[in-house]
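The analysis underlying the following values was restricted to heavy atoms, covering all of them including side chains, and did not include hydrogens, waters or symmetry mates.
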Amino acid sequence: MGLDQQGDIVFRVSRGANSQWDVNEKGFDKPLASFDNEKDACSYANDLAKTKQGSKVVVEGRQLIGRLGLPAHTRR
């Protein structure tokens with residue numbers, strides 16, 4: 001599993017090939033899934049994080065607080 005320094009599982013949302021948003025588990029090269037927009041990728045990563053205790057989601061270097069599914073700057 002993709003573990004960070006504290007042993008947490010990390011799901012990363014970042015720009016991938018063809019301008020899509022990829023969801024990767026830290027430590028693995030191949031994306032788990034790819035999406036046309038950031039919101040869908042964040043939702044998917046958030047759903048994955050809910051299934052694994054101690055996991056977190058990072059979007060292009062920003063950690064999502066409480067696995068909310070969206071970066072803080074886009075929440076309403």
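Take Ser34 and apply the side-chain hydrogen bond (donor to acceptor under 3.5 Å, both in side chains) test, not counting sequence neighbours, and it matches Asp22. The side chain to side chain contact (heavy atoms under 4.5 Å, CB included) check on Asp29 picks up nothing, with sequence neighbours excluded.
Phe11 pairs in a side-chain contact (heavy atoms from CB on, under 4.5 Å) with only one of the listed residues (Val58, Asn24, Leu32), which is Leu32.
Atom CG of Asn46 is separated from atom NZ of Lys39 by 12.5 Å, given to the nearest 0.5 angstrom. We find the CD1-NZ distance between Ile9 and Lys26 to be 12.5 Å, quoted to the nearest 0.5 Å. Note that CZ of Arg12 and NZ of Lys56 are 9.0 Å apart. Values are rounded to the nearest 0.5 Å. Distance check, rounded to the nearest 0.5 Å: OG of Ser14 to CD of Gln20 gives 12.0 Å.
Within a 6.0 Å radius of CG in Asp36, other residues, nucleotides and ligands contribute 12 heavy atoms or fewer. Atom CG of Asn18 is surrounded by 12 or fewer heavy atoms from other residues, nucleotides or ligands within 6.0 Å.
Within the 4.5 Å cutoff, side-chain heavy atoms of Phe35 are placed close to those of Val23.
Side chain of Glu60 to backbone of Arg15: a donor-acceptor contact under 3.5 angstrom is found. Judged by distance alone, with hydrogens and angles left aside, the side-chain atoms of Ser55 form a donor-acceptor pair with the main-chain N or O of Ala49 at under 3.5 Å.
When all heavy atoms are compared, the tightest approach of Asp47 to Thr51 is O-CG2, 3.4 Å.
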